[in-house]
Amino acid sequence: MTKRAVLAGGCFWGMQDLIRKLAGVIETRVGYTGGDVPNATYRNHGTHAEGIEIIFDPERISYRRILELFFQIHDPTTKNRQGNDIGTSYRSAIYYVDDEQKRIAQETIADVEASGLWPGKVVTEVEPVGDFWEAEPEHQDYLERSIFTEMTGPTRKEKPLPNKSGSGSKSR
């Protein structure tokens with residue numbers, strides 16, 4: 001059985017490139033989510049964020065582990081901005097599919113804030129998942145086909161977060 005995660009953390013190209021490499025991630029696709037425009041496209045996505053849909057095997061990787069990487073590959077303390085990308089399209093958000101994901105998201109955010117890895121308060125939105133509009137084919141797996149071979153965002157060294165909630169990823 002697989003599970004689904006939907007995240008937004010700036011440019012979806014870099015997020016997809018890094019998250020797809022996690023063992024246990026089965027499939028990813030980029031698109032638009034969390035906004036108001038039906039059938040969103042790159043040129044017309046209204047208040048949607050650039051997001052990534054992740055299909056994963058919970059026997060091989062935990063939702064918590066995915067969130068830990070998510071918080072290391074973008075800056076969750078900047079509202080509506082990631083690096084030079086500015087606007088609501090580039091906000092930090094977790095779109096949970098059930099109450100368990102909501103709980104894990106809130107616990108992980110608390111642990112990120114306690115970790116001191118980021119200088120400010122986490123502004124990541126935690127909202128129920130809504131429609132996910134798949135981006136155009138040219139945006140899927142973009143960095144695999146591009147001359148740009150890696151994401152150049154604010155990736156933090158892989159460090160375990162303090163685990164005050166007990167929901168960490170020790171086993172996966």
Side-chain angles (χ1 to χ4, degrees), residues 1-22 24-58 61-109 112 121-148 151-155:
M1 183 168 106
T2 61
K3 291 196 174 187
R4 176 182 185 229
V6 178
L7 306 172
C11 175
F12 48 31
W13 296 338
M15 285 188 31
Q16 182 180 39
D17 192 55
L18 294 169
I19 290 173
R20 81 157 57 96
K21 295 173 183 172
L22 289 172
V25 170
I26 296 166
E27 179 182 338
T28 60
R29 65 183 182 140
V30 298
Y32 314 98
T33 192
D36 61 350
V37 174
N39 302 307
T41 65
Y42 186 75
R43 300 238 182 268
N44 181 27
H45 58 270
T47 61
H48 285 293
E50 288 193 7
I52 179 172
E53 180 183 63
I54 305 152
I55 305 301
F56 65 99
D57 178 351
I61 188 168
S62 68
Y63 182 64
R64 166 73 184 219
R65 176 67 188 104
I66 292 169
L67 293 182
E68 287 174 352
L69 179 64
F70 170 69
F71 282 113
Q72 292 177 347
I73 63 176
H74 84 291
D75 183 346
T77 67
T78 55
K79 187 168 179 68
N80 299 329
R81 178 180 190 152
Q82 291 299 311
N84 293 327
D85 294 328
I86 300 171
T88 58
S89 298
Y90 306 107
R91 67 185 175 270
S92 176
I94 299 169
Y95 299 102
Y96 59 88
V97 301
D98 57 27
D99 288 340
E100 179 185 17
Q101 282 191 358
K102 179 180 180 181
R103 178 187 55 76
I104 293 168
Q106 291 169 332
E107 290 172 353
T108 306
I109 287 170
V112 168
K121 182 169 175 44
V122 172
V123 296
T124 303
E125 299 172 5
V126 179
E127 300 289 338
V129 72
D131 291 329
F132 185 91
W133 304 100
E134 184 172 3
E136 298 80 356
E138 62 268 22
H139 294 291
Q140 304 300 326
D141 306 310
Y142 181 82
L143 291 181
E144 284 191 345
R145 299 177 283 104
S146 171
I147 60 169
F148 303 105
M151 183 180 158
T152 57
T155 304

If you round to the nearest 0.5 Å, how far is CD1 of Ile55 from CD1 of Ile26?
8.0 Å

Run the salt bridge (charged side-chain N to carboxylate O under 4.0 Å, His left out) test against Glu127 and tell me which residues pass, sequence neighbours left out.
none

What's the shortest heavy-atom distance between Glu53 and Arg4, and which atoms?
OE2-NE, 2.6 Å

What's the separation between atom OG1 in Thr108 and atom CZ in Arg65, rounded to the nearest 0.5 Å?
11.5 Å

Looking only at non-hydrogen atoms, find the nearest pair between Pro128 and Tyr95 and report the distance.
O-CD2, 4.0 Å

Enter the distance from Lys21:NZ to Gln16:CD here, rounded to the nearest 0.5 Å.
10.5 Å

Restricting to non-hydrogen atoms, name the atom on Phe71 and the atom on Thr124 that form the minimum distance, rounded to 0.1 Å.
CE2-OG1, 3.5 Å

Is there a side-chain contact between Arg29 and Phe132 in this structure, where contact means two heavy atoms from C-beta onward sitting under 4.5 Å apart?
yes

Between Thr77 and Val123 the two heavy atoms that sit nearest each other are C-CG2, 3.8 Å

Can you tell me how far the CD atom of Gln106 sits from the CG atom of Leu67, to the nearest 0.5 Å?
11.5 Å

Is there a side-chain contact between Arg103 and Tyr96 (heavy atoms, below 4.5 Å)?
no

Mind listing the closest non-hydrogen atom pair of Thr2 and Pro58 along with its distance?
CA-CD, 4.2 Å

Are any of the side-chain heavy atoms of Val112 and Phe70 separated by less than 4.5 Å?
no

Just verifying a value: how many Å separate Asp17 CG and Met15 CE, rounded to the nearest 0.5 Å?
11.5 Å

For Ala49 and Ala8 the tightest heavy-atom approach is CB-CB, 3.7 Å

Sorted by chain and number, sequence neighbours left out, salt bridge (charged side-chain N to carboxylate O under 4.0 Å, His left out) with Glu27 holds for none

To the nearest 0.5 Å, atom CD1 of Ile54 lies from atom CZ of Arg20 at 11.5 Å

Just wondering, do Ile66 and Leu7 contact through their side chains at under 4.5 Å, heavy atoms?
yes

Side chain proximity check, Glu50 to Val30, heavy atoms < 4.5 angstrom
no

